[in-house]
Amino acid sequence: MSTTRIPEATRLALYRQMMEIRYCEKRAYDLFLQNLVKGTSHLALGQEAVAAGFGVAMNKDDYTFCTYRGHHHTLARGASMLSVLGELMGRQCGLMKGKGGSMHLTSVEHGVMGSYAIVGAHLPVAAGAAWSAQYRGTKQVATAFFGDGATNIGAFHEALNLACVWKLPVVFVCENNGYMEYTPIGSVTAVEHPAADRAASYGLPRILIDGNDADVVYQTACDAFDKARAGGGPSLIECLTYRHSGHSRADPGKYRPKGEVEEWMKKDPVVSYRVRLLEAGVAEVTLDEIDAAAMATLDEATEQAKASPLPEIASAYTDVFADGGAAWRN
Amino acid sequence: MSTTRIPEATRLALYRQMMEIRYCEKRAYDLFLQNLVKGTSHLALGQEAVAAGFGVAMNKDDYTFCTYRGHHHTLARGASMLSVLGELMGRQCGLMKGKGGSMHLTSVEHGVMGSYAIVGAHLPVAAGAAWSAQYRGTKQVATAFFGDGATNIGAFHEALNLACVWKLPVVFVCENNGYMEYTPIGSVTAVEHPAADRAASYGLPRILIDGNDADVVYQTACDAFDKARAGGGPSLIECLTYRHSGHSRADPGKYRPKGEVEEWMKKDPVVSYRVRLLEAGVAEVTLDEIDAAAMATLDEATEQAKASPLPEIASAYTDVFADGGAAWRN
Amino acid sequence: MAQLSYRDAVSAGIAQEMLRDKRVVLLGEDSAAAGGVFKTTVGLFEQFGPTRVRDTPISELAILGAAMGAAMTGLRPIAEIMFSDFLACCWDYVANEIAKTRYMSDGQLEVPLVIRTANGAGSRFGAQHSQSVENWAMAIPGLKVVAPSNAADAKGLLAAAIRDPDPVIFFEHKSLLGNKCEVPDGEYVLPLGQAAVLREGGDATIIALAAMVPRALKAAETLAAEHGISATVIDLRCLVPLDTKTILAHSARTGRVFTVEENPRLCGWGAEVVSIIQEEAFSSLKGPIVRITTPHIPLPSADQLEDAVIPSVARIIADVRKALGK
Amino acid sequence: MAQLSYRDAVSAGIAQEMLRDKRVVLLGEDSAAAGGVFKTTVGLFEQFGPTRVRDTPISELAILGAAMGAAMTGLRPIAEIMFSDFLACCWDYVANEIAKTRYMSDGQLEVPLVIRTANGAGSRFGAQHSQSVENWAMAIPGLKVVAPSNAADAKGLLAAAIRDPDPVIFFEHKSLLGNKCEVPDGEYVLPLGQAAVLREGGDATIIALAAMVPRALKAAETLAAEHGISATVIDLRCLVPLDTKTILAHSARTGRVFTVEENPRLCGWGAEVVSIIQEEAFSSLKGPIVRITTPHIPLPSADQLEDAVIPSVARIIADVRKALGK
Ligand SMILES: Cc1ncc(C[n+]2csc(CCOP(=O)(O)OP(=O)(O)O)c2C)c(N)n1
Ligand SMILES: Cc1ncc(C[n+]2csc(CCOP(=O)(O)OP(=O)(O)O)c2C)c(N)n1
Ligand SMILES: [Mg+2]
Ligand SMILES: [Mg+2]
């Protein structure tokens, strides 16, 4: 695929986005180690190109639906590092003031319509948001990100079928990182490519891409969004990628065959993109400045999050119902 | 497909089976009209060839899993008309003595491991029975029958994937009769052939057959069973057929386009098979005798069922738990 | 005022709100072109067209998921789950997604939708098509739960449910669908969370819901006419919000309370109501609160068996008399 | 006797039964090669091999459906649903299929299986991974429901559940997994349906389950030591069968009863227990039965918020003192 038609400014945006995610995820990990993040957390280290490629390609009013592994997509839509790290730390400055936690990041002002911790559950929800956009005639597109493991759950099948029958402006993005938690996806899936090999079941073309190549992801995203906005209906895109760390905080990732991580490290999406930009003539200092700016923002966010107060206990009893409270009786 | 290799005795068995189902289903309908069947009922008039073809091809210890539209499959495994009609009428002589009703016909002694009234729910269950057969090394095969509409539910997807990954001896048979209740299947499905067009999603070959041709169904069933018994794993078979009556007792079937029923009546599986057998040299009197015997059995079953007592009220409180009772406390 | 059946009152309530608010859309299996398996959506497809009234595949996850996504982004979907038993097929959406989204998002998201479903026994459909599962819904924080007992309430409460900014599970009772009563013609909306006191008496308070309401009423009439027992009958109408004020006032007044529940006994709504009454009106109670419920069994199919296990007028009468010693 | 953790007692119980009965097989997500996300099945894959201990895809419907089909045809499957919240993803199997099959088939079929699942709060996982849903299971006729509070019970009750001819939902509490106690070494099986009276006192009866049991015990100790209140503490262990004999005897004896429930309030198991006690021991009650529950809200994620809403030792003490006026 020729990627030269992507403007340099866009490519720098892709790079910046990936760097911000990379730094922020690493920081999240450090904060665990300091016991400042109490619950679980699922890092997207290694999967930055998917988030950046789609995030940069989206319109501001498009909808993103994430899984519990959703920090990268939330950041890619413009949610601040402070609001993300704050949520992981259960602070008042967090996106949901500690009520949702790492697995439920939501930032409606940035189009992040929630992170869903039940595998596959958000695919029909994204289809519904797309239905709403179609009905309202807004040209918005909804994108649902999910893992390889999610392709084996019923909701995947139902969402794909409904979206195709109704020709909804929704893009289903499978981040195939090779594992469902600790089990290799190949050992529990009847086809080699859990998403791409099933596209035909819904009358969709087969799309299988290098999910570690931000240019490829970006271009594929643009094409899918164009199609959706033009009334062409859904797309199903399988992105081949890899998570550098364990499944979640608790997981050292011992089930991986020797050398696998090392192989994938060679295809690190951030490092390789940096090399590509340099080769394309971007000045090193430009990239260094991006890195430094990301780190500065991150450091400031970290300090602010640490200084942020804990939410008041009373907040646990709010927002069950629309009246703001939790009263189920008179 | 050449069908001549099917022995005449087998073909007569297929014919007898279809006639018995045809008569019995018509009688069930008459009994509704007499208000002797109180609940709902889903007739398989027009779909006899699927039941006969698979039923005759099965071994005695194979497992059948039906839907609410399961009278035909239950009869095809050898359950008596008396026990089936008795259940529809809620009598003591019924298969489950009125506790299950038309939608839950079960006859374990005949391998009918239940009829399931939640669309798609029995597909994973059949896979589980096949897993058990595989584990126990019995060479039994489990067959799940379901409608076209069932292919759009999550359980279909999960069952197919698991069965293929575990190479289970299970055969998934889609009776595509064109409608999910009152809605044409094409209007709610992303592909033309709801089962066959999805086989590739599970690494299976595409099998689409004339479900009104008992010979074709029988031969296809034999092949699938052979494959399963040889350790070759599951099959997914789509049988094109049509139901002559409404979806259920309550349905006059008004949503059908003009002429559609008439077209399909020309492909009536029972009538056309009779013609074929006559053309193949079977004496008319042989078939007439089969018909007469079926009708005689049916008439006797009907009278016996009518004369059968109602179950005792106390039976409503039995068999919730293995101790025979319903006690949840001491 | 016209005499309307419960089933027609449902479609009238939907039509009223669809006319009023373009954000209201409807989806379900056989709900559009065919007018619904229970004929509760007849005419809506013709009146509002295929963009607003939609047939779906047999995909309960997709139905509720899509309704949820639409509700989060500006629509007011009405999703039909054909039989309430099938809520089990999409319980994740009911219990984990729709009910919790407002909370988990700290109020950033709302899910204003209605899940309509046919509930209850009486049709001889057997164990998987006859359940009363209102107690399942009551157990989930974040949901409102409505179950009308007559046509007028069906229209008024459904309209309220559609307008409500919170997710509402709306139980339409299969055995009541043909029942007719006077239903206000024009715009008609009832508040959620108000029980109806259908009859007042000093000897006992009978609390019922949905199909158990007409039975409780009939029992109360016989108790008054033949046994000298004068009973108050309360139709809860909503389980959430729960009108504890009305419940407690009338429980305290009579001191003898009965719940009539179609759900199987364990963890039924009556258990919750009992726990509230005994905690908050303890000293007014003259005897134990008695729960009259379907036993804790799956439902049988045969008519005489089904009739035997669901609380009947005769059983209500007998249980009240026994408790009061009359 | 060895000191075992709750998590190790779970795998010990499974191993004991797998050794004894070749029909016992195990399936679940990451349950085999990885030993389970909660490390409750460590070593089983190595000991019993891949035909008996199987990893599944993320397919909760297929997991329970397959377990059911296998149970109907001669096996004794143990199916793991990783978090109890995900029971919502396969509730159809729990509520409509597995629980009802024996009944609907008039006893022709049986479904002897165990569904093991990690239940409860304390891990700061948020609203979709922290629920206590034992009351969902209790509401379904045809199921047995077990929720041990310590390692010894975990082993003994799990063995009993595996041997039981009825379907059993077995709740393993996430926050108890690391707790150790003496666990009998050899074959160890406890009967289902017997509550444990952990402490006897004359002033109050505190009824608890699973993670609420150690809290109730601790509260009882403080009540005795600091407030002159001597309380009986009952660990229900099973919700079905329910040991009403023990409950009623101790409720009647003290006249003051408290339930400590982790499930959200409405239709919690305590509501059912309250309805039974007030109906059958009415005249022995000296005051209202008090339910100490998680409020009827989804669960927050942040640690101090989660801690604030789940019944704590302090809240139990305060509620008992308030009720007894001490
Ligand atoms: C319905 C459901 N089943 C199981 C889980 C537990 N679980 C959380 S993440 C996960 C693995 C998901 O794998 P994949 O879809 O590949 O996403 P990844 O974590 O690799 O991004 C599992 C099994 C869950 N959250 N929801
Ligand atoms: C999960 C679920 N959803 C909906 C229904 C209601 N229902 C019963 S039969 C049916 C249509 C099924 O169509 P199909 O699978 O084609 O089978 P057919 O009736 O044509 O044999 C529907 C929607 C159900 N029983 N279960
Ligand atoms: Mg993965
Ligand atoms: Mg069909």
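Here the structure is a predicted model, which means the values were calculated and not measured. Every chain is numbered from 1, with letters handed out A, B, ... down the list of sequences.
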Looking only at heavy atoms and a cut-off of under 4.5 Å, which of B/Thr183, B/Val119, B/Leu88 has the most pairs with chain C? B/Thr183
Looking only at heavy atoms and a cut-off of under 4.5 Å, which of B/Thr189, B/Asn152, B/Ile185, B/Asp251 has the most pairs with chain C? B/Asn152
Would the number of heavy atoms belonging to other residues, nucleotides or ligands and lying under 6.0 Å from OH of B/Tyr317 be above 12? yes
Other residues, nucleotides and ligands only: do more than 12 of their heavy atoms fall within 6.0 Å of NZ on C/Lys218? no
Interatomic spacing from [atom1] in [X] to [atom2] in [Y] - rounded to 0.5 Å:
X        : Y        : atom1 : atom2 : result
C/Asp30  : B/Tyr255 : CG    : OH    : 8.5 Å
C/Gln304 : B/Glu312 : CD    : CD    : 10.5 Å
B/Tyr68  : C/His129 : OH    : NE2   : 8.5 Å
B/Thr318 : C/Ile297 : OG1   : CD1   : 9.0 Å
B/Ile153 : C/Glu29  : CD1   : CD    : 7.0 Å
C/Asp55  : B/Glu181 : CG    : CD    : 11.0 Å

So, for C/Ser301 and B/Gly101, which heavy atoms are closest and what is the spacing to 0.1 Å? OG-CA, 3.3 Å
Shortest non-hydrogen contact between C/Ile58 and B/Ala150, atoms and distance: CD1-N, 4.4 Å
Should C/Ser123 and B/Thr40 be marked as a side-chain contact (heavy atoms from CB on, under 4.5 Å) after you check the CA-CA gap, both sets of side-chain angles, and the distance that decides it? CA-CA 8 Å; C/Ser123 306; B/Thr40 184; over 6 Å; no
Heavy-atom proximity to chain C below 4.5 Å, by part of [X]:
X        : result
B/Met103 : side chain
B/Lys97  : backbone
B/Ser315 : side chain

C/Pro298 and B/Val320, any side-chain heavy atoms less than 4.5 Å apart: yes
Non-hydrogen atoms of chain B under 4.5 Å away: do they reach the side chain of C/Leu299, the backbone, both or neither? backbone
Bottom line for C/Ala308: the part with an atom under 4.5 Å from chain B's heavy atoms is both
